[in-house]
K.L.:
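Got a structure for you, written out below as structure tokens; questions coming shortly.
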There are 2 protein chains.
Amino acid sequence: MPLASLNVDTQRSPTPAETALTRRVDLTTLRLFVAVCDEQNLTRAAQREGIAASAVSKRMNDFELAFGVTLFKRLAKGMALTPAGEALLHHARVTLLNVEKIAVELSEYSQGVRGHVRMLANLSAIVQYLPEDLSAFFAAHELLRVDLQERPSGQVVRGIEEGAAEIGICAAEADSRALEAFHYRYDNLVVVMRPDHPLAGRERLLFTETLDFDHIGLHTASSIYLRSQYAATQAGKTMRLRINVPGFDAVCRMVQANMGLGLIPDRAFAVVGAGMGLRAIPLRDDWGRRELKIVVRDAAHLSATGRLMLDYLRAVETDRGGRVG
Amino acid sequence: MPLASLNVDTQRSPTPAETALTRRVDLTTLRLFVAVCDEQNLTRAAQREGIAASAVSKRMNDFELAFGVTLFKRLAKGMALTPAGEALLHHARVTLLNVEKIAVELSEYSQGVRGHVRMLANLSAIVQYLPEDLSAFFAAHELLRVDLQERPSGQVVRGIEEGAAEIGICAAEADSRALEAFHYRYDNLVVVMRPDHPLAGRERLLFTETLDFDHIGLHTASSIYLRSQYAATQAGKTMRLRINVPGFDAVCRMVQANMGLGLIPDRAFAVVGAGMGLRAIPLRDDWGRRELKIVVRDAAHLSATGRLMLDYLRAVETDRGGRVG
DNA sequence: CGGATTGTTGGGAACAGATTCCAACAGCGC
DNA sequence: GCGCTGTTGGAATCTGTTCCCAACAATCCG
């Protein structure tokens, strides 16, 4: 039954036999192991870790013995990994990285930080609103700290669902499924171009008017990109795309280099495009005004710090509040 | 400078001070810690872990001392987490889960497995082709093992780029950027419906002909969903969507329940829809024939096992080979 | 070509340090 | 005061490290 060895990863509770094996793993061994892998040499690895070479040798042997696995091929000129070793190396690296996060985060708490909030947000939110909002938030709550990661809107939703973070910010178009969603901000899209572009004299633009010119696309998973593609096909045309770039600053630089038109939020242009000698013209289409929303898994069961952050973000834009999802 | 506390996560090499802190973390303490959190009671946690309560108490105190952090509020009726404790709990959980993976994987090697390949694939590949292909691959290489995770095509690309897996399979439409891409298989989309549906008598269908009826959508990030949305808007219409579901089997069940039409690959229908008394009609549009591609970061530097798998997958469909990206 | 040299990993005994256990202790609520 | 909680102290134990030495392969040198 070869198919039995197809492992679709999933969250399981450990069997007793597994916990027994788990106890044979320890972090110093792991650390030593990656050192040996890095150096491909036991002696240098031992020096680097400030420990006797024989001790390292013993640990590696014991470890191999404990799992009944050969990790290294012992060569005359050092140690080379076996396939089992390579597999271990991968996991060992991410485990150690995680432990490091623990150490860093805890030492932050010891220096007075009173709470962490893990956050996911799309690029638009990070570039335009979060710097000021978080700055103000920190001013009110000096002892809090935020771990912020950038992801496209769809993956923000997924991350919140999976518990990778407590609070997410994404485009309102994104399907937030079972998550609770609240209004955050509105966004206005502008078309960015060089001052010598044929459209540069216009005060406002319909998106269809730009379709006869080259465009510079954002990351293909970004909601701005998806939305503009949609609009183009709805108009029965296709966007003339020359390149996809990963950030608003990159869009502006491409525009500057005469690669075409860019489509980014107005405040993003104000932040990253200012001083580049470019022109930004508001989009007249209804979808030129977008909404960003806040998503959480369950507002009632947020941590104290998460709750604080959510309440703050919801209150920060006063003109138009309320629930959207 | 409140903004200094905005941490965009990134891969850093550890500073000396950090490694010193890192050494104060050990897995038994972590395991004990989550046990205490789970039980909210030190005594029960100690019992569960088969250790004296005093030992646990000491470990927790030493740990708090080492980082200068209070993890628990000691109450008369047990232990409650502080914010710092909650932060630690999150990281501790994922770390332990990782260690468990290490133990499982290594014990697999000890039982004869000679290599692991981490793979990401979209749903279409997993449902239609991978079971047979991997089965045949395992028959030829009994001692290999595969860790397979399902993701939408876009996230497959991202996962391969980030090194989460060695080999990915995704829709050819997905932008694979700097990755190397190879042809894998072709896919044919069929429209699934109940036998009493008005279109059930047709031999072949154009997608536009289905737009007057209700549709059942796949996950909104899936490439089939995105492609059909695109086709609908290109035809100047909108899809009448009643629901989005996460898998091909769910689509078929929804069709059976008279919720509308489904659009899935033909072989997926053969696998999951057989025996449900449904009708599957091929799509005549050119995009009804899709391509699945294999993506890797750098074929030249694949592990031995990864190389084996790549070569096998590329050779498995003989009628149309060759590079696509 | 032979032999010495340098580098490697592996093994055993003594030592130091950490971890554990048991028992007794202190705070809190009922 | 009883039952529950977590904490403390000291002794037994165990684990890990070091040091020294052996075995081995490659390389250099006479």
Side-chain angles (χ1 to χ4, degrees), chain A residues 19-82 84-85 88-89 92 96 99, chain B residues 19-82 84-85 88-89 99:
Chain A
T19 54
L21 278 175
T22 299
R23 285 180 209 285
R24 324 198 90 147
V25 184
D26 77 310
L27 290 176
T28 26
T29 305
L30 252 38
R31 210 180 337 264
L32 257 33
F33 173 76
V34 314
V36 173
C37 293
D38 286 353
E39 306 284 349
Q40 299 198 321
N41 173 314
L42 191 144
T43 314
R44 276 202 300 278
Q47 279 177 352
R48 176 173 123 181
E49 297 292 318
I51 194 181
S54 57
V56 179
S57 171
K58 184 165 160 44
R59 273 198 118 101
M60 295 300 111
N61 280 322
D62 290 354
F63 194 78
E64 287 184 319
L65 209 74
F67 285 93
V69 165
T70 313
L71 260 20
F72 300 101
K73 277 177 289 218
R74 271 77 169 176
L75 307 175
K77 44 181 17 178
M79 307 186 83
L81 281 174
T82 64
L88 174 60
L89 179 58
L96 291 177
V99 169
Chain B
T19 55
L21 278 174
T22 298
R23 284 181 209 285
R24 324 197 92 148
V25 183
D26 77 309
L27 290 176
T28 23
T29 305
L30 251 39
R31 207 177 344 258
L32 258 31
F33 173 77
V34 315
V36 172
C37 293
D38 286 353
E39 306 284 347
Q40 301 198 321
N41 173 313
L42 190 144
T43 316
R44 276 203 300 278
Q47 280 176 352
R48 176 173 122 180
E49 296 291 317
I51 196 182
S54 62
V56 180
S57 170
K58 183 164 163 47
R59 274 197 118 100
M60 294 300 111
N61 280 321
D62 289 355
F63 194 79
E64 287 182 318
L65 210 73
F67 285 93
V69 165
T70 312
L71 260 20
F72 300 101
K73 278 177 287 219
R74 271 80 170 173
L75 308 175
K77 41 178 25 176
M79 307 186 83
L81 281 174
T82 64
L88 174 59
L89 180 58
V99 170

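Every heavy atom of this structure was used, including side-chain atoms; hydrogens, water molecules and symmetry mates were not. Residue numbers start from 1 in every chain, and the chains themselves are labelled A, B, ... in the order their sequence lines are given, proteins ahead of strands.
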K.L.:
Any side-chain heavy atom of B:Arg59 sitting closer than 4.5 Å to one from B:Asp62?
P.N.:
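No. Closest side-chain heavy atoms not under 4.5 Å.
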K.L.:
Of A:Ala52 and B:Ala53, whose nearest nucleotide on DNA chain D comes first from the 5' end?
P.N.:
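The answer here is B:Ala53.
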K.L.:
Within the 4.5 Å heavy-atom criterion, are B:Leu81 and B:Phe72 side-chain neighbours or not?
P.N.:
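The answer is yes; the side chains approach within 4.5 Å.
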K.L.:
Calculate the interatomic distance between A:Arg31 atom CZ and D:dG16 atom P; express it in whole Å.
P.N.:
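Nearest whole value for this atom pair: 14 Å.
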K.L.:
Rounded to the nearest Å, what distance is computed from the CD atom of residue A:Gln40 to the P atom of nucleotide C:dT8?
P.N.:
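So the CD-P distance, A:Gln40 to C:dT8, works out to 13 Å.
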K.L.:
So B:Ile51, base contact, sugar-phosphate only, or nothing? Heavy-atom distance under 4.0 Å.
P.N.:
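Answer is sugar-phosphate: B:Ile51 comes under 4.0 Å of backbone atoms only.
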K.L.:
If only side-chain N and O atoms of B:Arg59 are considered, is one of them under 4.0 Å from the OP1 or OP2 phosphate oxygen of C:dT20?
P.N.:
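So the side-chain polar atoms of B:Arg59 do come within 4.0 Å of the phosphate oxygens OP1 or OP2 of C:dT20, strictly under.
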K.L.:
May I have the distance from B:Gln47 (atom CD) to D:dC4 (atom C1'), rounded to whole angstrom?
P.N.:
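Value for this atom pair: 13 Å.
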K.L.:
Identify the heavy atoms of B:Leu71 and B:Glu64 that sit nearest to each other, and give their distance.
P.N.:
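Closest approach of B:Leu71 to B:Glu64: N-OE2, 2.6 Å.
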K.L.:
Within the 4.5 Å heavy-atom criterion, are A:Glu49 and A:Leu32 side-chain neighbours or not?
P.N.:
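The answer is yes; the side chains approach within 4.5 Å.
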K.L.:
Once you round it to whole Å, what is the distance between C1' of D:dT7 and CG of B:Asp62?
P.N.:
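It works out to 12 Å between those atoms.
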K.L.:
What is the distance from CZ of A:Phe63 to P of D:dG16, rounded to the nearest Å?
P.N.:
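That distance rounds to 13 Å.
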K.L.:
Can you check the B:Met79 CE to D:dT5 C1' distance for me, whole Å?
P.N.:
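In whole Å, D:dT5 C1' and B:Met79 CE are 10 Å from each other.
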K.L.:
Within the 4.0 Å heavy-atom criterion, would you say A:Ser54 contacts the bases, only the backbone, or no part of the nucleic acid?
P.N.:
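If one applies the 4.0 Å heavy-atom cut-off, A:Ser54 turns out to touch a base.
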K.L.:
Side chain of B:Arg74: nearest nucleotide among D:dG6, D:dT5, D:dT8?
P.N.:
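Closest nucleotide among those given: D:dG6.
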K.L.:
Measure the distance from CD on A:Glu49 to P on D:dG16 and round it to the nearest whole Å.
P.N.:
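In whole Å, D:dG16 P and A:Glu49 CD are 17 Å from each other.
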K.L.:
May I ask you to verify whether the side chain of B:Thr43 and the base of D:dC4 hold a donor-acceptor pair under 3.5 Å?
P.N.:
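By the distance-only test, no, there is no pair.
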K.L.:
Hey, does the side chain of B:Asn61 come within less than 4.0 Å of D:dG6's phosphate (OP1/OP2), counting only N and O?
P.N.:
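Checking D:dG6 against B:Asn61, no side-chain N or O comes under 4.0 Å of OP1 or OP2.
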K.L.:
Considering non-hydrogen atoms only, spot the tightest contact between A:Phe33 and A:Ala92 and give its length.
P.N.:
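Looking at all heavy atoms of both residues, the shortest contact is CD2-CB, 4.4 Å.
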K.L.:
Rounded to the nearest Å, what distance is computed from the NZ atom of residue B:Lys58 to the P atom of nucleotide D:dT13?
P.N.:
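Going from NZ in B:Lys58 over to P in D:dT13 covers 19 Å.
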